[in-house]
Amino acid sequence: MFNKLSFFLLAFSVNVFSQTNLIEISTLNGVWIAEEYYNAFEENNSAIKSKNAFDYSYPVALRINTSENKKGILNIGYSVLHDHFLHPEVSKYVVKNKDTISEQGSFSVDLNSKDSLGFYKIIDFREFNNDWVSYLSLDSQNSTVTLYRPKNKEHTEEIIKYKRVKSTFNKDYQYPNPLYYYTRSKNLVGNYVLKDINDNLLSNDLVISEDGLVKGYSLLEGFTVYFSTDIYCGLPSNEDLVIFIRDVFDNESKSYAYSYVKDKKGNISLYNNEMGTIEGTNFEVIKLTDKVYDLIKK
């Protein structure tokens, strides 16, 4: 009887502790961007101009959503800057046509493992841990989130502080890829008048929502648009890139990629591009060719 009671009390106390931590952490729900990258991108709204602000292989953005808690284990989605693929915006993974398709990145923390300094040991974060350890500070009192990897013989100490850019999640967009959300919201989301290269009106009400869904123009209706940060290999370019894709789950899906130029009023011009050389040199670059669309901010 004593053993059964002791086990019950232990299980009860662990559950209460986990729930208490979950309530505290819920005040930190949202999308978080690494401060160094946030400061650069807020200044120039460009992945190219922000290229050297942050390590392209480190977690530049986090999604904290306490609805992703299962029995005291909280899934946290993360993004990196350098990735040749587009990923579904889901919690951890989704099964599609019997294939398991993962979000860009995720790791877990055990809400019962908070240490005396307020850090949670991170579970399953091989890409950042590299056979070592890392910790996450979720400080609800000061509304701060910090990722920490201590120094050892193979690794330098890493401290990444994050800034929140979104604190709630819509019912139909609960699990955003945090980097996709941030770059898209800064540079694409809005209502536009759409015109072609000859100034012909294509749509008087083109809408790009925060989940990237495009509405109001038949050719791109139902496509999802992404602001690319995959600029770390291949030919250099002076302009950023946006990608429209019909179905991110289908490798053969119809897609369009355009060079992106935005003016101070928020108007966007999209261009085709091609490989070329800098005049007077043999240095190859991506160059603009003909303009395809003007998106005039409403």
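Under the 4.0 Å criterion applied to side-chain N and carboxylate O atoms, R63 and E68 are assigned as salt-bridge partners.
Judged purely by distance below 3.5 Å, without hydrogens or angles, the side chains of S57 and D55 pair a donor atom with an acceptor atom. In the model, S228 has no side-chain atom that pairs as donor or acceptor with a side-chain atom of D230 under 3.5 Å. Looking only at atom types and distance, the side chain of T156 has a donor-acceptor partner in the side chain of E158 under 3.5 Å away. A donor-acceptor contact closer than 3.5 angstrom links the side chains of N177 and Q104. No hydrogens or angles considered: a donor-acceptor pair under 3.5 Å links the side chains of D211 and S209.
Aromatic pair Y182/Y37: ring centres not closer than 6.0 Å. Two rings, from Y226 and Y180, have their centers less than 6.0 Å apart. Residues Y135 and Y120 place their aromatic rings such that the two centres sit no closer than 6.0 Å.
Across all non-hydrogen atoms, the minimal contact from Y192 to V189 is OH-O, 3.7 Å.
Surrounding NZ of K254 are at most 12 heavy atoms belonging to other residues, nucleotides or ligands under 6.0 Å away.
Checking side-chain atoms of T289 against main-chain N and O of N272 turns up a donor-acceptor pair under 3.5 Å. Listed for the Y56 side chain is no donor-acceptor partner under 3.5 Å among the backbone atoms of N52. Panel note: side chain E35, backbone K161; no donor-acceptor pair is recorded below 3.5 Å. In terms of modelled atom types and a separation under 3.5 Å, the side chain of N187 and the main chain of N45 share a donor-acceptor contact.
Ring-plane geometry between F244 and Y258 is classed as perpendicular, the angle between the planes exceeding 60 degrees on a 0 to 90 degree scale with a lower cut at 30.
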